[in-house]
Every structure is written in structure tokens, then in C-alpha cells.
Amino acid sequence: MLDASRSAMTDQDFRPYLSGVAAGSVSRHKGNRSLVVVQEETDWAGLLMKVRDHQDKAAFAALFRHFAPRVKAFLMKSGAGASLAEECAQDVMATLWQKAHLFDPARASVSTWVYTIARNRRIDALRRARRAEPEDLDWGPEPEPDQAEALEAQQETERLGQALASLPLPQRTLIERAFYGDLSHSEIAAETGLPLGTIKSRIRLALDKLRQRMS
Amino acid sequence: MGYAAGQLPEAFSLVVATHVSLCDECRAQLASFDAVGGALIEETDEIAMAEGALAASLARIETLDRKSQPAPRRSAGVFPAPLAEYVGGDLSAVRWRRVGGGVRQAILPTGKDATARLLYIPAGTAVPDHGHRGLELTLVLQGAFSDETDRFGRGDVEIADEDLEHTPVAMAGQDCICLAATDAPLKFRGLIPRLAQPLLRI
């Protein structure tokens, strides 16, 4: 939706447009599209391609405003203090720029990619352990990504988000704890007082449900 | 899923990453777990960044840009890239130690909660009969082995737990090289391997 004419907008122009989304308030700019529409239509992959091909700082700024506060929240839920989370979130966004040429919009949405970068940064920062990464595929990203595939990857993330939101609360909470909490299944067991077997089967059940709702 | 959420001990992560490098099906499954993480990032409440955070990030990028862009990681040898990074090279870089019966091993440097080792089993040779106190993941990198349950070739992973007691035998034809990770010492049935266990750290 952010077409060429929009990408020419300055940093300032993006501010009212996207910060409304960030703050979750639509009241300040009535008459604009509703919050949901803005979120769904923003072509994050397209913005990232502009960063990759043209080192487009305005496109980067738009990505930053959307993703950096989310990454910071993710890291803080994982147990990082505010200042560490702030610094790591800046790092994650810098990595997004640096590795833009490795992003393949046909394989993953930008949110998924941001998640993997943030998770790896969290492991570096909180656990100080190495985490082996699979080797990159033989075929790299296409220079001209297929728009339809890219759109599908982003829509899949949105559908997954809706499916997550519609899960029963206990299952949703467990998935969040498992992904955010930096807790192993046995640590969740210790914290919630539920037996380990129950936790494992609830997580499996929740993932199965997600899969059903996606198909 | 534990791998996607970043919670596995380092040694298990190494086996998963190496396996995923060889198995497209698991790569696709991993991508679907990562997508759950992506959806959670999208759904999460936001926490405002500090004043000037964007400028700070852009400044970081300036310093990064002067370094070379990271190249895709790929390996042409026996070891996929994630394993080659731990070993510091391919097969020829491994510093093997004999553990008896022609079997050789090399312990890889990982976190303490689980250990990872490379095993070299000459074609036709058996690893002593053993059971498991915890979880053992064994990934075949070259050749093949078979045990009471199945035959495993390059890229295959055998997942063994307390319930499995097995005698893996390297198939004839080619020496078998495996990457194995365990979170607890093995239980050998024979007396001699049991005595040798603490010395060999297996």
C-alpha cells in the first residue's frame, strides 16, 4: 500500500501516520482509515526491499516505528531489563538493515523474520550461549520477488495472529510463555504448578488447533 | 518447537540446526514454528523506544555498512555449515580420540547442560550395547548405521530416550560418522564400557 509516491515522504510524514498504529489510538486522527486496515495493508516486505535496494531511510523509519517497540516488548517479556531491551531492539533493527539482502519475502513475512533475529539476539544477550543456525538454502532470495507470494507470507502471519487470538486463554498463554518467556517446559511446570505432561500436551494441542485453523 | 523458541541446550540446537540443513521437510516445519513467533511479535503490546532510538540505530548501521555484508552460509563438505563452524572446518579438522573397538570420538565445545560429540564408527563395527538416562539425538553425516529399530542414513536422526536400549552397528561399505547429543550419561550394559565411561566422558 505504501507505493512509490509514499516512500518519497519524509521521516516526519510517517510519524502521524504510523505512530497512531503504535499507540493503538485512532481517535487522534479520525477520518483516516481504521487501525486494522492500516495494519493489514502495510506492505512491510515492500518497505524492506526499498531498504535493500535503495538504502531507503524513510522505509527503514517506518519499519522501525512498527517493529522496534514490539521487539523491545518481546525482549522485556523474556526477562531483559528496559535498557538492555532498548539496546538489543536497536541492534535487531540494525541487523534487519544489514541482512536485508538475505530476506526472502516468498518464504517468510517480515514479522517472522524480525522474530528470528530478535530471538537470536535474546539468546546472545541473556544466555550467552551459542545457538547453531541452519545453513542458508542453495537458492537465495529472488532479485524480483513474486508479489503474490510475498503478500501470501504476510497474510499467513496475519491469519496466524487471528488464530492465536481465538485460542482458549490457557492454551494461548502457554504458547506465549513458551515463545516469549525464555522458559523451558519444565520451568513453566514449576511456575504454574501444572504437571510437565499436561504442559506438553496443552502446547501440542494449541499448535494442532492453530494448524487446523490455518488450513 | 523448543529450537524455534530458542530454549534447547546448545548441544541439541547444534544437532537440530545441522539436521535442518539436510532436511527440507523439517526446515519447512521450523519455518511454521517461526511464523508463530512472528505472529506473536505482531500481536504483542508495544513498549515505546527511547528518544533518538531511530537515529542511534541508523548510526549503528553506518558502522556496520563499512564492514562487508554477511554472505550466505553454505558448506560443500561432509559437515553442513553450522557443524563446520563448531569444528572449525570439515572432516579433516576433527581431532579424534580413540575410545576402543576402532570407534573414535571428538567432543565439541558446547554449554554444560548437554554434550555434543562426533562419532567415527568403522564400517561393520558395533557401538557397545547401551541404554539412555535422558535424551540422545544421533544424526548421521556419512555412511549409515542400523540398530534394533531401523536403519539411519545421512541426514537421518535417531531420537533415543530411557525406553530404548540399542546396539548401533555401522553398515558395511563406508565408515559411519555421526553427531550425537545427550543430556545425561549413557547406560552401558557391558562392564568394560561402564568402567571406561568416566574417562571417556560418555
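Because the structure is predicted, anything quoted here is derived from the model rather than measured.
At a threshold of 4.5 Å between non-hydrogen side-chain atoms, the residues A:Trp97 and B:Leu58 count as touching. Between A:Phe60 and B:Ile61, some side-chain heavy-atom pair lies under the 4.5 Å cut-off. Under the 4.5 Å side-chain criterion, counting only non-hydrogen atoms from C-beta, A:His66 is in contact with B:Glu42. In this structure, A:Met93 and B:Leu54 have side chains that are not in contact, with every pair of non-hydrogen atoms separated by 4.5 Å or more. Put simply, the side chain of A:Tyr115 reaches to within 4.5 Å of the side chain of B:Asp34, judged on heavy atoms.
Ranked by heavy-atom pairs under 4.5 Å with chain A, the first of B:Leu40, B:Leu22, B:Val15 is B:Leu40. Ranked by non-hydrogen atom pairs under 4.5 Å with chain A, the options B:Ala39, B:Ala59, B:Ala56 are led by B:Ala39. No other option in B:Gly37, B:Ala81, B:Ala28 has as many heavy-atom pairs under 4.5 Å with chain A as B:Gly37. Across A:Ala85, A:Ser83, A:Ala94, the residue that shares the most heavy-atom pairs under 4.5 angstrom with chain B is A:Ala94.
Rounding to the nearest 0.5 Å places OG of B:Ser57 at 9.0 Å from CG of A:Leu96.
In B:Glu148, the CD atom is crowded: over 12 heavy atoms of neighbouring residues, nucleotides or ligands sit closer than 6.0 Å.
A salt bridge links A:Lys57 to B:Glu62: one of the charged nitrogens lies within less than 4.0 Å of a carboxylate oxygen. Using a 4.0 Å cut-off between charged side-chain N and carboxylate O, A:Arg70 and B:Asp45 make no salt bridge.
For residues 83-100 of chain A, the pairs satisfying salt bridge (Lys or Arg N to Asp or Glu O under 4.0 Å) are A:Lys72-A:Glu86, A:Asp91-A:Arg121, A:Asp91-B:Arg60, with sequence neighbours left out.
B:Thr149 meets the side chain to side chain donor-acceptor pair (under 3.5 Å) test with B:Asp147, B:Glu158; sequence neighbours excluded.
The parts of B:Thr44 that come within reach of chain A are both its backbone and its side chain, each placing non-hydrogen atoms under 4.5 angstrom from that chain.
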